[in-house]
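As the structure is a prediction and not an experimental result, all values here were calculated from the model. The sequence lines fix the lettering, A, B, ..., with proteins before strands; numbering per chain opens at 1.
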Amino acid sequence: MPELPEVEIVKQSLDKKIKQKKIKRVIIKNRNLRFKIPLNFEAQLKNQIITKISRFSKYIILHLSNGSYCIIHLGMSGTIHLIKKDKKKEFTNTSFYSDSNLPKKHNHVEIIIKDLDIIYNDPRRFGFIILVKNKNELDKRFNHLGPEPFFKEFNLNYVLNYLKNKKKDIKSFLLDQKFVSGIGNIYASEILFLCRINPNKKAKRLSLHELKKIIHFSKVVLKKAIIRGGSSIRNFKNTSGKNGSFQKEFNVYQRENLKCLKYKCLGKIKKKVTGNRSTFFCNICQK
DNA sequence: AAGAGGCCCTGATAGC
DNA sequence: TGCTATCAGGGCCTCT
């Protein structure tokens, strides 16, 4: 599910609700995620204080009082739910995929703090929760990832050098976390639409002006999505203010055969599938 | 090294 | 209604 903006919203919500709280108990209901949760996981979390919650790319990081870190990735279908123990009432902004009720199936991990249960749910199990001992190991875990669009390192010089001589199309690179981290399949299409660049265009053939636009609109789209509370593209049933609203502002994603929204453009949005992933674009105004 | 493709999984929806 | 096929917001791994 989540790309950088959705993960950021979850992180902000956790920051408000669980910072400086002590972990009383951890219950694992299903150890099978992308990486199997080790048997000593519960003991290593118990009695730790969550001193800080941060995010890098699509990863949420819980900083623990003994200097270790708990890294959470939501994969395609992971959600985090905060349940008030007595009333079993769920807080907002922690769920994009599911409705406001705690799912009955696939609750893998429960982290119990004083007045809350933090529940990790992941039907498809593409996500994971891992512990790393220290900052060094944390950095190592993220070593292969490129800068976020917001970082200074994501500049013209970097982009130009990275993409010169590359044979793949630009959309593949926006999805390539080694090049830039945090962008996923929705925002890649949306960014390229605003750039007026055809997703099939070879990366090395982009002009300096086009590279500048990619840098610019990557920031613009992700920032706006964060302000809108992310995108909630499934389970619209519970719209009690808990879902993000950026999906209402999609220009191309899931708009196949609909009219291009660029002023005076007569194009229709096309969908192209490569490697099992859909790309949406206007084949008239995106050159 | 870079690129293409497969695979990990369940659930919602579309089509018959 | 009940089957089957397709698709889904990600990333890791292998092969060429």
Side-chain angles (χ1 to χ4, degrees), chain A residues 1-11 29-37 55-60 71-80 94-99 103-108 120-130 141-146 148 161-191 200 202-204 221-222 225-226 228-238 243-250 252-257 271-280:
Chain A
M1 150 194 126
E3 304 182 34
L4 186 153
E6 290 74 31
V7 179
E8 173 63 21
I9 296 300
V10 175
K11 179 247 160 186
K29 299 201 163 151
N30 185 349
R31 291 184 189 275
N32 296 315
L33 288 173
R34 170 179 289 280
F35 309 118
K36 192 152 192 161
I37 299 172
R55 177 195 60 72
F56 176 65
S57 184
K58 304 171 188 173
Y59 301 80
I60 291 166
I71 305 173
I72 304 171
H73 194 286
L74 301 173
M76 287 281 258
S77 58
T79 48
I80 295 175
T94 50
S95 166
F96 284 88
Y97 185 79
S98 60
D99 60 26
K104 292 182 175 62
K105 291 174 76 176
H106 309 298
N107 292 321
H108 287 77
Y120 179 88
N121 179 287
D122 190 358
R124 292 180 73 183
R125 300 188 216 150
F126 290 169
F128 62 82
I129 300 186
I130 57 170
R141 185 63 185 70
F142 296 137
N143 202 25
H144 65 295
L145 296 173
E148 291 185 3
N161 273 310
Y162 196 100
L163 296 181
K164 71 178 176 192
N165 305 326
K166 293 288 197 298
K167 288 174 184 158
K168 281 194 299 179
D169 57 88
I170 181 58
K171 201 256 185 170
S172 307
F173 283 104
L174 290 184
L175 288 184
D176 182 351
Q177 307 295 300
K178 286 196 284 291
F179 169 57
V180 58
S181 63
I183 298 171
N185 203 39
I186 292 178
Y187 297 116
S189 284
E190 294 297 321
I191 289 164
N200 304 309
K202 300 298 174 204
K204 63 175 176 183
V221 169
L222 296 192
I226 292 169
R228 294 284 182 270
S231 305
S232 311
I233 63 166
R234 228 168 290 170
N235 280 11
F236 287 97
K237 288 160 199 163
N238 269 340
N243 292 323
S245 66
F246 192 76
Q247 68 281 355
K248 293 173 190 163
E249 299 181 38
F250 288 165
V252 286
Y253 189 78
Q254 287 187 337
R255 294 197 64 249
E256 188 183 13
N257 292 325
K271 172 176 161 179
K272 188 193 173 197
V273 179
T274 17
N276 243 343
R277 316 216 69 184
S278 301
T279 304
F280 298 86

With under 30° as parallel and over 60° as perpendicular, where do the rings of A:H106 and A:H108 fit, or are they tilted in between? parallel

Rounded to whole Å, the CZ-C1' distance (A:F128 to C:dG11) equals 9 Å

| request: Could you tell me how the ring of A:Y162 sits relative to the ring of A:F179: parallel (under 30°), tilted (30 to 60°) or perpendicular (over 60°)? | output: tilted

**Prompt:** Has the side chain of A:R125 got a donor or acceptor atom sitting under 3.5 Å from an opposite partner on the base of B:dC9?
**Reply:** no

The correct set of residues in residues 165-182 of chain A placing a heavy atom under 4.0 Å from DNA chain C is A:Q177

Name the nucleic acid region contacted by A:G184, choosing base, sugar-phosphate or nothing; use a 4.0 angstrom heavy-atom cut-off, strictly under. sugar-phosphate

Rounded P spacing from C:dT6 to B:dG6 in Å = 15 Å

To the nearest angstrom, the CZ-P distance between A:F35 and C:dG10 comes to 16 Å

note: A:L74, atom CG; C:dA8, atom P; distance rounded to Å ~ 20 Å

Whole-Å distance, A:K204 NZ to B:dG3 P, equals 9 Å

A:N276 atom CG is separated from B:dC7 atom P, nearest whole Å, by 11 Å

Which of C:dA8, C:dG9, B:dG11 is nearest the side chain of A:R277? It is C:dG9

From the candidates C:dG9, B:dG11, B:dC8, the one with an atom nearest any side-chain atom of A:P123 is B:dG11

note: A:D122, atom CG; B:dG11, atom P; distance rounded to Å ~ 11 Å

From NZ of A:K105 across to C1' of B:dG11 the rounded distance in Å is 8 Å

When rounded to whole Å, the CD1 to C1' distance for the pair A:I233 and C:dA8 reads 7 Å

